[in-house]
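Quick note on labels: first sequence line is chain A, next is B, and so on, each numbered from 1.
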Amino acid sequence: MKIATYNVNGIKARLPRLVEWLTETQPDVACLQEIKTSDETFPEAEIRDAGYGAIWHGQKGFNGVAVLAKGADPVERQRRLPGDDEDVLSRYLEAEIDGLIVASIYLPNGNPVPGPKFEYKLTWMERLHVHAAGLLATERQVCLAGDYNVIPTDADVWKPAAMASDALMQPESRAAFRRLAAQGWTDALHSRHPNNPLWTFWDYTMNSFARDAGFRIDHLMLSPAAADRLVDAGVDKDHRGREKASDHAPTWITLR
DNA sequence: ATGACTGGGTTCCCCAGA
C-alpha cells in the first residue's frame, strides 16, 4: 500500500498536474493540503475520473485538506482538530481506508516570530499532541500525513542560517515535533533516509529548485502497527520541476 | 531590511505562503 502527502498549493490551478501525478504514480491514499477551495467548488468529478474517491474539508481562498483513495471512498472519522471551537481554519481531516486510519494535516506556518500566528502554531501542535495520543491508544495502523511546517533538525534544510529566524525551525516548533514523535510515532522519511534527508519543499523565489535550496517539512508519522509494515519512503522530486508545479513535492511511503 | 514567485480574492492591487 502506497500512502502519499502532497501540498498542492491550490487544487484548481494544480488540477492537470495532480491528475497527472495520480495517474503516473498510483498512490492508494493521497492526503492533500492547501486545496484553497470551498467545499462547493472541489473538483470531485475530475478526481473521480482519475480513479479516486475523495473527502474534503475546504475553505474559500486559503488552507483546505482532502483525502483521496484509489478505487474506494474514504470514510470520514474527524474533521477539525479537537480542542478549540473558535478555530475555524480547515487544517485537519481524518479518515479510515481499508483498515488504515489516515489524517491529512496542514499545520500552521507560524510566521512571523514572535507573534499571534506563532502562538497559534504552538497551540495547534499541542492540540495535535493530545489527539494523536488518543489515536496511538487504539493500537491500530495510523498515518498522520501532511505539511507540518516544521524543519525537524538542521540536517533537514539546505542552509540552516538562511532560515534561522523562521517559524519552521524555531526551538519551540522543533520541541513540539520531537515531543509528538516521542509518543511513539515514526518519522517514515527519516527512518528510511537517516543520513541523507530528502527535501520536500523548494521556494518559488531565488531559483531555489535549480540550486536544490530546499528543506523537509512534509512528514508521514506512523503508529507502531504501521511502522512495522514500512517498506520504503521517497519524494517525487521530478514533479516539483515541471511546468506550473506546486512549491511542494509529493512525498510517499509504502507499507507491506 | 528588502524582495524574489505563485495562487486566490475583496482582482488590475492586496494578502498569505514558507
J.: For B:dA18 and A:Asn7 - does any side-chain N or O of the residue sit under 4.0 Å from the phosphate oxygens OP1/OP2?
T.: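 Looking at the OP1 and OP2 atoms of B:dA18, one of them is under 4.0 Å from a side-chain N or O of A:Asn7.
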
J.: Given side chains that start at C-beta, do those of A:Asp247 and A:Phe209 come closer than 4.5 Å, heavy atoms only?
T.: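 A:Asp247 vs A:Phe209: side chains apart.
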
J.: Which nucleotide in the set B:dG7, B:dG17, B:dC5 lies at the smallest distance from any side-chain heavy atom of A:Thr205?
T.: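 When the side chain of A:Thr205 is considered, B:dC5 is the closest of B:dG7, B:dG17, B:dC5.
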
J.: Atom CZ of A:Phe201 and atom P of B:dG17: how far apart are they, to the nearest Å?
T.: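 Answer to the nearest Å: 12 Å.
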
J.: Below 4.0 angstrom, which residues in residues 104-114 of chain A have at least one non-hydrogen atom near DNA chain B?
T.: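 Per residue number, the list reads A:Tyr106, A:Asn109.
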
J.: Considering only NZ, NE, NH1 and NH2 on the basic side and carboxylate oxygens on the acidic side, decide whether A:Asp156 and A:Arg174 come within less than 4.0 Å.
T.: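 Looking at A:Arg174 together with A:Asp156, the answer is no, because their closest N to O distance does not fall below 4.0 Å.
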
J.: Can you measure A:Lys244 atom NZ to B:dG8 atom C1' for me and round it to whole angstrom units?
T.: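 Value for this atom pair: 11 Å.
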
J.: Expressed as a whole number of angstroms, how long is the span from A:Leu15:CG to B:dG7:C1'?
T.: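 Value for this atom pair: 14 Å.
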
J.: Starting at the 5' end of DNA chain B and moving along, which residue's nearest nucleotide shows up first, A:Asp203 or A:Asn9?
T.: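 Counting from the 5' end, the first nearest nucleotide belongs to A:Asn9.
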
J.: Are the side chain of A:Asn149 and the backbone of A:Leu168 linked by a donor-acceptor contact shorter than 3.5 Å?
T.: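 No, because the side chain of A:Asn149 does not come within donor-acceptor range (under 3.5 Å) of the backbone of A:Leu168.
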
J.: Over how many whole Å does the gap from A:Arg17 atom CZ to B:dT6 atom P extend?
T.: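 Between P of B:dT6 and CZ of A:Arg17: 14 Å.
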
J.: Nearest-Å distance, CD (A:Gln33) to P (B:dG7)?
T.: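 Taking CD of A:Gln33 and P of B:dG7, I get 17 Å after rounding.
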
J.: Can you check the distance between B:dG8 and B:dG3, where both ends of the measurement are the P atom (answer in whole Å)?
T.: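 That atom pair is separated by 24 Å.
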
J.: Taking the same atom, P, in B:dA4 and in B:dG9, what whole-Å distance lies between them?
T.: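 23 Å, rounded to whole Å.
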
J.: In whole Å, measure the gap between the P atoms of B:dA18 and B:dC14 for me.
T.: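 Pairwise P distance, B:dA18 against B:dC14, rounds to 22 Å.
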
J.: For A:Glu34 and B:dG17, give me the distance from atom CD to atom C1', rounded to whole Å.
T.: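 Result: 6 Å.
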
J.: Are the side chains of A:Trp199 and A:Arg240 in touch, meaning some heavy atoms are under 4.5 Å apart?
T.: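 Side-chain contact under 4.5 Å: no.
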
J.: Should the ring pair A:Tyr92 and A:His131 be called parallel, tilted or perpendicular, given that the plane angle runs from 0 to 90° and is split at 30 and 60?
T.: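 A:Tyr92 vs A:His131 ring planes: perpendicular.
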
J.: Can you tell if the side chain of A:Ser246 reaches within under 4.5 Å of the side chain of A:Glu34, non-hydrogen atoms only?
T.: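 In short, these two side chains do not touch, never coming nearer than 4.5 Å.
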
J.: Which ones in residues 161-168 of chain A lie close to DNA chain B, meaning a heavy atom under 4.0 Å from one of its atoms?
T.: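 Result for residues 161-168 of chain A: A:Leu168, sorted by number.
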
J.: In terms of hydrophobic clustering (I, L, V, M, F, W, Y; side-chain heavy atoms under 4.5 Å; direct or indirect links), are A:Ile101 and A:Trp56 co-clustered?
T.: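 Not linked; separate clusters.
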
J.: With P as the reference atom in both, quote the distance from B:dT10 to B:dC5 in angstrom, rounded to an integer.
T.: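 Those two atoms are separated by 27 Å.
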
J.: Considering only atom P, compute the distance from B:dC15 to B:dT2 and round it to an integer number of Å.
T.: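 Their P atoms lie roughly 15 Å apart.
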
J.: Look at A:Lys36 and B:dG9 and indicate whether a side-chain polar atom (N or O) is within less than 4.0 Å of OP1 or OP2.
T.: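 For B:dG9, OP1/OP2 do not have a side-chain N/O of A:Lys36 under 4.0 Å.
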
J.: Quick one: which of A:Arg77, A:Gln78, A:His57 gives a side-chain hydrogen bond (donor to acceptor under 3.5 Å, both in side chains) with A:Glu94?
T.: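 Going through A:Arg77, A:Gln78, A:His57 one by one, the side-chain hydrogen bond (donor to acceptor under 3.5 Å, both in side chains) with A:Glu94 is satisfied by A:Arg77 alone.
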
J.: Can you tell me how far C1' in B:dT11 sits from the matching atom in B:dA16, rounded to whole Å?
T.: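 Going atom to atom, C1' in each nucleotide, I get 15 Å.
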
J.: If you look at every strand shown and take non-hydrogen atoms under 4.0 Å, does A:Lys117 touch a base, only sugar-phosphate, or nothing?
T.: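 A:Lys117: backbone/sugar contact only, no base atoms under 4.0 Å.
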
J.: Taking the nucleotide of DNA chain B with the nearest heavy atom to each, does A:Asp247 or A:Gly10 sit closer to the 5' end?
T.: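 So the residue in question is A:Gly10.
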
J.: Out of A:Thr200, A:Asp218, A:Asn9, which one pairs with A:His248 under the side-chain hydrogen bond (donor to acceptor under 3.5 Å, both in side chains) rule?
T.: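 Of all the options given, the one that passes is A:Asp218.
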
J.: Could you check whether A:Asp236 pairs with A:Arg242 (Lys NZ or Arg NE/NH1/NH2 to Asp/Glu carboxylate O, under 4.0 Å)?
T.: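 Salt bridge between A:Asp236 and A:Arg242, a charged N being under 4.0 Å from a carboxylate O: no.
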
J.: Please give, in whole Å, the distance from B:dG17 P to A:Tyr120 OH?
T.: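 Atom OH in A:Tyr120 sits about 10 Å away from atom P in B:dG17.
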
J.: Indicate yes or no: at least one non-hydrogen side-chain atom of A:Leu230 is less than 4.5 angstrom from one of A:Arg192.
T.: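 Yes, close enough: below the 4.5 Å cut-off.
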
J.: For DNA chain B, find the residues of residues 143-155 of chain A with a heavy-atom distance under 4.0 Å and give them by number; none if there aren't any.
T.: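 Nucleic-acid contacts, sorted: A:Asp147, A:Asn149.
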
J.: Counting only side-chain heavy atoms from C-beta out, which of B:dG9, B:dA18, B:dG3 sits nearest to A:Met206?
T.: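 Within the option list, the nearest is B:dG3.
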
J.: Would A:Arg17 and A:Glu24 satisfy salt bridge (Lys or Arg N to Asp or Glu O under 4.0 Å), going step by step from the backbone distance to the final call?
T.: CA-CA 10 Å; A:Arg17 279 282 100 96; A:Glu24 286 183 20; over 6 Å; no

J.: Tell me whether A:Arg48 is salt-bridged to A:Asp73, with the criterion being a basic N under 4.0 Å from an acidic carboxylate O.
T.: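 Salt bridge: yes.
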
J.: Does a side-chain N or O of A:Lys60 approach OP1 or OP2 of B:dT10 to a distance below 4.0 Å, or not?
T.: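 Yes, A:Lys60 has a side-chain N/O under 4.0 Å of OP1/OP2 on B:dT10.
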
J.: Expressed as a whole number of angstroms, how long is the span from A:Arg174:CZ to B:dA18:C1'?
T.: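 Checked: the CZ to C1' distance equals 14 Å.
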
